[in-house]
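Step one of this worksheet: look at the structure below.
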Amino acid sequence: MTRHPRTFIAMTGLLSAALLAACGGGGDSSEEAKNSSDCFNAGFYRKDTQIYVSQSSRLNDAPALASLVYHWVTSQTEENGINNIYINPAPNSGRTSLHYSIEGGALLYHGYNAFNIGSTSRQSLAPPRQSVIAMEPGQTTSQTIVQTDSFSNADGETKTVTTLAETRTYAGRETITTALGTVEACRFVSTVAASQEGQPGASRETQTTTWVAAAGPYRGLTLQEIAVTHQAGKTDTLVTETSQVNRFDLR
């Protein structure tokens, strides 16, 4: 539950990073155990799945902040062999929808729509952000994505276009201890270089390390994430950890 603009994606927080992990249940052979597929839980994307977790986030040396992360699959449709999933990322945002799909052995994030009284926010990614489901240790994927964010109200529309150069590496399995206990996890490392159109001073690069549960009752859930961002000569480190699972109702 993820390396992303912290608008509605941030609401899904660690879940979003987990959602960008991989599919299916674990196999018995050592070869199967090596890849990242155990760290994707297909139940995260089934209609009516609801997950609520508490998380703690700390930026640099500031005090940690607590927040609730919410994930509700409101719609799931099959169209031309493509599984489209729509997720509500916050309890009180019934008119907000994140769009994912599963196709070609990957999870794709397309963007979101958010409708509020008097305003509309949208995000679209071309091509969609791709997270390959079954990656081998050391495997790296890369993409260049054009992300368009728009906001409309009675005064008109504003639009921001950002080019994202992204890489994502599956570093392998390791054991991690967090507030949820000691768990075998997949470790992913992603790097995003973001360049905003017309705003050279807004360019930034973020490297994010994410640990996703490979086994146990919360398989597929992101346990911890460390994001280091370099921008305009400044470095910020954001550490986010799942501190409690309040509801884990998979369909």
Side-chain angles (χ1 to χ4, degrees), residues 1-5 9 12-45 83 100-110 125 127-147 163-178 180-195 204-216 218-230 235-242:
M1 288 175 169
T2 264
R3 57 181 218 25
H4 305 3
I9 293 300
T12 56
L14 292 179
L15 286 178
S16 213
L19 305 180
L20 301 178
C23 154
D28 294 330
S29 76
S30 58
E31 281 301 311
E32 290 174 334
K34 289 180 181 178
N35 70 37
S36 63
S37 62
D38 289 343
C39 293
F40 174 90
N41 193 326
F44 277 59
Y45 302 100
N83 185 8
Y100 292 87
S101 65
I102 298 175
E103 50 186 294
L107 176 70
L108 276 62
Y109 170 67
H110 298 261
L125 277 68
R129 176 176 289 116
Q130 174 180 280
S131 297
V132 173
I133 284 171
M135 297 178 71
E136 298 299 325
Q139 181 180 347
T140 297
T141 61
S142 61
Q143 282 186 282
T144 298
I145 299 168
V146 177
Q147 175 180 300
T163 299
L164 308 172
E166 304 193 358
T167 63
R168 179 172 178 262
T169 300
Y170 171 50
R173 303 285 186 92
E174 58 190 47
T175 300
I176 182 172
T177 299
T178 70
L180 298 183
T182 300
V183 182
E184 182 185 6
C186 295
R187 178 162 62 93
F188 297 91
V189 179
S190 63
T191 300
V192 179
S195 177
R204 64 190 183 278
E205 182 172 299
T206 301
Q207 183 177 83
T208 304
T209 304
T210 305
W211 289 267
V212 182
Y218 305 126
R219 183 177 65 82
L221 183 67
T222 296
L223 306 169
Q224 188 178 72
E225 186 174 87
I226 300 175
V228 180
T229 299
H230 304 282
T235 299
D236 288 316
T237 300
L238 178 66
V239 179
T240 308
E241 181 176 314
T242 301

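Just so it is clear, the structure is predicted and the values come from calculations on it, not from any experiment.
Taken to the nearest 0.5 Å, the CZ atom of Arg204 stands 14.0 Å off from the OG1 atom of Thr235. Distance OG/Ser36 to CZ/Arg168: 6.5 Å, rounded to 0.5 Å. For the atom pair CD1 of Ile133 and CG of Asp38, the computed distance is 12.5 Å after rounding to the nearest 0.5 Å. Rounded to the nearest 0.5 Å, atoms OG1 (Thr240) and CG (Leu238) are 4.0 Å apart. From Ile102, atom CD1 reaches atom CG of Leu108 across 9.5 Å, with rounding to the nearest 0.5 Å. We find the OG1-CZ distance between Thr222 and Phe188 to be 8.5 Å, quoted to the nearest 0.5 Å.
The shortest side-chain heavy-atom distance between Val189 and Thr209 falls under the 4.5 Å cut-off. Contact check for Thr206 versus Thr191: no side-chain heavy atoms found under the 4.5 Å cut-off. For the pair Val183/Thr175, no side-chain contact is recorded, criterion being any heavy-atom separation below 4.5 Å from C-beta on. In this structure the side chain of Tyr45 reaches within 4.5 angstrom of the side chain of Leu107, judged on heavy atoms.
Looking only at distances, no side-chain donor or acceptor of Thr208 sits under 3.5 Å from a matching main-chain atom of Ser190. With Arg173 contributing its side chain and Pro137 its backbone, the two residues share no donor-acceptor pair below 3.5 Å. Under a 3.5 Å cut-off, the side chain of Thr169 and the backbone N or O of Ala171 do not form any donor-acceptor pair. A donor-acceptor pair is defined here as one N or O able to donate and one able to accept, closer than 3.5 Å; no such pair exists between the side chain of Asn83 and the backbone of Ser101.
Ion pair Arg129/Glu166 flagged as a salt bridge, since at least one NZ, NE, NH1 or NH2 atom sits closer than 4.0 Å to an Asp/Glu carboxylate oxygen.
Applying the salt bridge (Lys or Arg N to Asp or Glu O under 4.0 Å) rule to Glu205 yields no partners; only residues at least two apart in sequence or on another chain are considered. Partners of Glu174 under the side chain to side chain contact (heavy atoms under 4.5 Å, CB included) rule, at least two apart in sequence or in another chain, are Arg187, Trp211. Qualifying side chain to side chain contact (heavy atoms under 4.5 Å, CB included) partners for Thr163, counting only residues two or more places apart in sequence or in other chains: Thr144, Val146.
Residue Tyr170 comes nearest to Asn35 through the heavy atom pair OH-O, 3.5 Å, listed as atom of the first residue, atom of the second, then distance. Here the shortest heavy-atom pairing between Gln130 and Ala106 reads CG-CB, 3.6 Å. When all heavy atoms of Thr167 and Ser142 are compared, the pair lying nearest together is CG2-CB, 4.0 Å. Taking each heavy atom of Val212 and Cys39 in turn, the nearest pair found is CG1-O, 3.3 Å. Of all heavy-atom pairs between Met135 and Val132, the closest is CG-O, 3.7 Å.
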- Query: For Leu223 and Tyr218, what are the C-alpha separation, side-chain angles and deciding distance, and is it a side chain to side chain contact (heavy atoms under 4.5 Å, CB included)?
  - Reply: CA-CA 9 Å; Leu223 306 169; Tyr218 305 126; 5.7 Å; no
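For Gln224 and Glu241, the side-chain atoms include at least one donor-acceptor pair closer than 3.5 Å. Judged purely by distance below 3.5 Å, without hydrogens or angles, the side chains of Thr182 and Thr177 pair a donor atom with an acceptor atom.
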